[in-house]
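Here the structure is a predicted model, which is why all the values come from computation and not from measurement.
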Amino acid sequence: MGTAILQELAKTVRSKNAGTDKITFDIIFDNKENFDLVCSSNVITKASMAELFNVAEDRITDFVQYEPANAIKFTILRDYPSGYPGDGDIFGSQHYPPLLTLKIPIN
C-alpha cells in the first residue's frame with residue numbers, strides 16, 4: 001500500500017471567509033474515484049481537521065462530505081473577526097496549506 005498527497009488527488013484546495021467570524025475550507029475533486037478514496041481513508045474527519053489546525057473540535061461548526069459535488073467542506077470559527085487588529089489574513093485565503101501535503105493511503 002502506498003500513499004498520495006492530497007494536492008495530487010484534489011482539483012481544488014482552498015480556504016476563504018464565511019462571514020466575519022468563520023473560515024471555510026473546500027476540497028474539491030474532479031472525479032468520484034478520488035473523492036471516494038479520500039473519504040473512505042478517514043484521513044479528513046472533523047477530529048483530524050481540529051488536530052491539523054490546532055483548534056478544539058467544537059470550533060469546527062460544519063463538516064460535510066458532499067457527494068453531488070465530489071467535495072469535502074468544513075468551517076472553523078476564527079480566532080478574531082476578519083480585519084481585527086492582529087488578523088494576518090483578512091480574506092481567510094491563506095489557511096489551507098496544511099491540507100496540501102496530507103498523506104492519503106492508496107492501493
Side-chain angles (χ1 to χ4, degrees):
M1 179 183 291
T3 61
I5 58 174
L6 185 61
Q7 69 181 351
E8 295 171 342
L9 300 172
K11 175 183 176 184
T12 302
V13 180
R14 66 183 177 204
S15 61
K16 58 188 175 185
N17 278 344
T20 58
D21 298 326
K22 298 177 182 177
I23 296 173
T24 193
F25 295 80
D26 302 314
I27 306 165
I28 305 167
F29 302 88
D30 60 1
N31 62 65
K32 183 168 175 29
E33 293 75 26
N34 285 351
F35 170 75
D36 289 342
L37 174 72
V38 173
C39 288
S40 66
S41 75
N42 289 316
V43 170
I44 300 174
T45 64
K46 187 175 183 178
S48 68
M49 294 302 94
E51 184 177 337
L52 181 67
F53 288 97
N54 197 29
V55 299
E57 193 170 334
D58 65 356
R59 290 200 38 216
I60 298 180
T61 61
D62 301 282
F63 184 92
V64 64
Q65 295 173 336
Y66 189 62
E67 191 171 347
N70 293 326
I72 301 170
K73 300 177 66 69
F74 61 96
T75 304
I76 296 177
L77 290 171
R78 294 177 70 112
D79 291 330
Y80 305 103
S82 177
Y84 189 86
D87 176 22
D89 185 5
I90 290 174
F91 299 111
S93 61
Q94 298 177 31
H95 291 264
Y96 68 91
L99 294 167
L100 297 175
T101 56
L102 284 177
K103 293 181 180 171
I104 309 298
I106 58 172
N107 289 329

**OP:** I would like to know whether Ser82 and Asp87 meet side-chain contact (heavy atoms from CB on, under 4.5 Å); could you show each step before the answer?
**Re:** CA-CA 7 Å; Ser82 177; Asp87 176 22; 4.2 Å; yes

**OP:** Mind running side-chain contact (heavy atoms from CB on, under 4.5 Å) on Phe74 and Lys46 for me, showing each step along the way?
**Re:** CA-CA 8 Å; Phe74 61 96; Lys46 187 175 183 178; over 6 Å; no

Subject >> Within one Ile-Leu-Val-Met-Phe-Trp-Tyr cluster: Val43 and Ile72, side-chain cutoff 4.5 Å >> reply: yes

Subject >> Single hit among Leu100, Leu102, Leu99 for side-chain contact (heavy atoms from CB on, under 4.5 Å) with Ile27 >> reply: Leu99

Original post:
For Tyr96, does the OH atom have more than 12 heavy-atom neighbours from other residues, nucleotides or ligands under 6.0 Å away?
Top reply: no

Original post:
Where the side chain of Ser41 meets the backbone of Pro105, is there a donor-acceptor pair that is under 3.5 Å apart?
Top reply: no

Original post:
Has the side chain of Asp30 got a donor or acceptor atom that lies under 3.5 Å from a matching backbone atom of Lys11?
Top reply: no

Original post:
When you measure from the side chain of Ser48 to the backbone N and O of Thr45, does any donor-acceptor pair fall under 3.5 Å?
Top reply: yes

**OP:** Measure the spacing between CD1 of Ile104 and CG of Asn42 and express it to the nearest 0.5 Å.
**Re:** 10.0 Å

Original post:
Roughly how far, to the nearest 0.5 Å, is CG of Leu77 from CG of Asp21?
Top reply: 7.5 Å

Original post:
Do the ring planes of Phe25 and Phe53 sit parallel (below 30°), tilted (30 to 60°) or perpendicular (above 60°)?
Top reply: tilted

Original post:
Does one hydrophobic cluster hold both Ile28 and Phe63, with members joined at side-chain heavy-atom distances below 4.5 Å?
Top reply: no

Subject >> Interatomic spacing from NZ in Lys103 to CD1 in Ile5 - rounded to 0.5 Å >> reply: 9.0 Å

**OP:** Could you tell me which residues satisfy ring-ring contact (aromatic ring centres under 6.0 Å, His included) with Phe91, sequence neighbours excluded, listed by chain and number?
**Re:** none

Original post:
In terms of hydrophobic clustering (I, L, V, M, F, W, Y; side-chain heavy atoms under 4.5 Å; direct or indirect links), are Leu52 and Ile44 co-clustered?
Top reply: yes

Subject >> Lys73/Asp26 salt bridge by N-O under 4.0 Å criterion >> reply: yes

Subject >> Least distance between heavy atoms, Pro81 atom then Arg78 atom >> reply: C-NE, 4.1 Å

**OP:** Would you please test Ile76 and Met49 for side-chain contact (heavy atoms from CB on, under 4.5 Å) and show each step?
**Re:** CA-CA 9 Å; Ile76 296 177; Met49 294 302 94; 5.7 Å; no

Original post:
Below 4.0 angstrom, N of the basic side chain to O of the carboxylate: do Arg59 and Asp79 qualify?
Top reply: yes

Original post:
Should Leu6 and Ile106 be counted in the same cluster of Ile, Leu, Val, Met, Phe, Trp and Tyr side chains packed under 4.5 Å apart?
Top reply: yes

Original post:
Which atom pair, heavy atoms only, marks the closest approach of Ile23 to Gly92?
Top reply: CG2-O, 3.8 Å

**OP:** Name all residues meeting the salt bridge (Lys or Arg N to Asp or Glu O under 4.0 Å) criterion together with Asp62; count only those two or more places apart in sequence or in a different chain, and write none if there are none.
**Re:** none

Subject >> Exercise: identify the closest heavy-atom pair between Ala50 and Ile60 >> reply: N-CD1, 3.5 Å

Subject >> Asn70 CG to Phe29 CZ distance, which is reported to the nearest 0.5 Å >> reply: 8.5 Å

**OP:** Give a yes or no on whether the backbone of Ala10 and the side-chain of Asn34 come within a donor-acceptor separation of less than 3.5 Å.
**Re:** no

Original post:
Would you find a donor on one side and an acceptor on the other, under 3.5 Å apart, between the side chain of Asp89 and the backbone of Gln94?
Top reply: yes

